[in-house]
**Q** 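The structure under discussion is supplied below as structure tokens; questions concerning it will follow.
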Amino acid sequence: MSLAPHRDEAGDRLGMWLFLFTELLLFGGLFLLYGVYLARTPEDFIRAGGELDLVLGTANTVLLITSSLTVAVAVSALQKGARSLTLGMLGITVLCALIFLVNKGFEWRAKIDHDIYPGSKRLLAGEGGESVFYSLYYLTTGLHALHVLLGAALLGWVGFRIRGGRRDGEGAVLENVGLYWHLVDLVWIFIFPLYYLIL
């Protein structure tokens, strides 16, 4: 006689919330650093921020908000047993994540082509605040992009498990991955105005 594997879904959720809290501390520290240097060199930050691509930034914001909606629909659909809808919503979410990363790649490439990256001759010859701005920009958006990539991989993994007919605990797994994805969205909601709008 075989016993069903024990699952502690409440423990899983608590663990995920603790993990998300540490992630918030990480990005919160970066935002705090941004605020300190913005107060010290506001003119340099305004000059540097004016060179970011507002259209791509706005497009990426729309993509992440849309993906947050589709992952929420996927969680709800799985709870109702609508497997096809769940897979469809997860597919759209992953697609939004990939387009986000492509857009971010184009944006970084354009900046690098214009000799704007930490340690570049242009930034070294300019004001110190601009160099700090772009160091924080690459660090924060690069770290966020890694989270987007990881989140998309996790969503794809859950989608394959559901597609393969796995049922045991899939709802809790998708809820936890969905929470992670909402964190990715939330962090971008702070990045977008700080770097693209208020300067």
Side-chain angles (χ1 to χ4, degrees), residues 7 9-10 12-28 30-31 52-109 137 139-197:
R7 292 194 62 86
E9 294 184 1
D12 289 346
R13 287 193 185 93
L14 178 61
M16 176 54 76
W17 278 110
L18 289 174
F19 171 71
L20 295 179
F21 181 69
T22 63
E23 293 284 292
L24 286 174
L25 288 178
L26 170 65
F27 281 101
L30 289 173
F31 295 146
L52 294 184
D53 192 323
L54 183 59
V55 174
L56 280 180
T58 303
N60 274 347
T61 303
V62 172
L63 281 167
L64 280 189
I65 290 174
T66 302
S67 69
S68 220
L69 173 65
T70 54
V71 83
V73 173
V75 170
S76 177
L78 187 61
Q79 290 169 346
K80 294 174 183 173
R83 186 167 162 269
S84 296
L85 180 59
T86 302
L87 292 173
M89 290 296 107
L90 288 178
I92 294 172
T93 307
V94 172
L95 181 63
C96 287
L98 295 178
I99 297 173
F100 176 95
L101 291 173
V102 169
N103 285 345
K104 183 50 65 185
F106 281 133
E107 194 176 8
W108 274 32
R109 179 60 189 266
Y137 165 76
L139 177 62
T140 307
T141 59
L143 197 56
H144 179 263
L146 281 177
H147 282 69
V148 171
L149 185 62
L150 177 61
L154 288 172
L155 288 168
W157 170 69
V158 174
F160 277 114
R161 285 169 60 99
I162 294 170
R163 187 180 177 200
R166 294 285 297 271
R167 295 181 183 279
D168 180 44
E170 291 312 302
V173 172
L174 181 55
E175 277 184 40
N176 280 337
V177 176
L179 283 174
Y180 178 80
W181 192 253
H182 291 315
L183 170 80
V184 169
D185 185 28
L186 178 68
V187 169
W188 181 258
I189 293 299
F190 282 92
I191 291 175
F192 179 60
L194 284 176
Y195 284 89
Y196 294 84
L197 292 182

**Q** Atom NE2 in His182, atom CD1 in Ile189: separation rounded to 0.5 Å?
**A** 12.5 Å
**Q** Is a donor from one side chain sitting under 3.5 angstrom from an acceptor on the other, for Trp181 and Ser68?
**A** no
**Q** Write down the atom of Gly171, the atom of Leu78, and the distance for their closest heavy-atom approach.
**A** CA-CD2, 3.7 Å
**Q** What distance separates Leu90 CG from Leu174 CG, expressed to the nearest 0.5 Å?
**A** 5.5 Å
**Q** For Phe192, run the side-chain contact (heavy atoms from CB on, under 4.5 Å) check against Val187, Leu64, Leu54 and tell me which one passes.
**A** Leu54
**Q** Once you round to the nearest 0.5 Å, how far does CG of Leu69 lie from CD1 of Ile92?
**A** 9.5 Å
**Q** Quick one: CG on Asn60 to OH on Tyr196, what's the gap to the nearest 0.5 Å?
**A** 7.0 Å
**Q** Can you label the angle between the Phe27 ring and the His147 ring as parallel, tilted or perpendicular, going by 30° and 60°?
**A** perpendicular
**Q** Do Leu143 and Leu26 have side-chain heavy atoms sitting under 4.5 Å apart?
**A** yes
**Q** Assess the residue pair Met16 and Glu175 against the criterion (side chain to side chain contact (heavy atoms under 4.5 Å, CB included)); give the C-alpha distance rounded to whole Å, side-chain angles, the decisive distance to 0.1 Å, and a yes or no.
**A** CA-CA 10 Å; Met16 176 54 76; Glu175 277 184 40; over 6 Å; no
**Q** For Phe19, does the CZ atom sit with more than 12 other heavy atoms under 6.0 Å from it, leaving out its own atoms?
**A** yes
**Q** Do Thr70 and Val73 have side-chain heavy atoms sitting under 4.5 Å apart?
**A** no
**Q** Between Phe31 and Ile191, is a side chain to side chain contact (heavy atoms under 4.5 Å, CB included) present by the stated rule, with each step listed?
**A** CA-CA 8 Å; Phe31 295 146; Ile191 291 175; 3.8 Å; yes
**Q** Are any side-chain N or O atoms of Arg83 and backbone N or O atoms of Ile162, one a donor and one an acceptor, separated by less than 3.5 Å?
**A** yes
**Q** Any chance you could measure Asp53, atom CG, to Asn103, atom CG, to the nearest 0.5 Å?
**A** 9.0 Å
**Q** Begin from the C-alpha positions of Thr93 and Ser67 and carry the test side chain to side chain donor-acceptor pair (under 3.5 Å) through to its verdict.
**A** CA-CA 5 Å; Thr93 307; Ser67 69; 6.0 Å; no
**Q** Evaluate Leu150 against Leu154 for side chain to side chain contact (heavy atoms under 4.5 Å, CB included), listing each step before the verdict.
**A** CA-CA 6 Å; Leu150 177 61; Leu154 288 172; 4.2 Å; yes
**Q** Please report whether the ring centroid of His144 lies less than 6.0 Å from that of Phe100.
**A** yes
**Q** What distance separates Tyr180 OH from Leu155 CG, expressed to the nearest 0.5 Å?
**A** 10.0 Å
**Q** Can a donor-acceptor pair be found, under 3.5 Å and without considering hydrogens, that links the side chain of Arg163 to the backbone of Leu87?
**A** no
**Q** Once the angle between the rings of Trp108 and Tyr137 is folded into 0 to 90°, is it parallel (under 30°), tilted (30 to 60°) or perpendicular (over 60°)?
**A** tilted
**Q** Test side chain to side chain contact (heavy atoms under 4.5 Å, CB included) on Thr61 and Ile65 and set out the steps.
**A** CA-CA 6 Å; Thr61 303; Ile65 290 174; 3.9 Å; yes
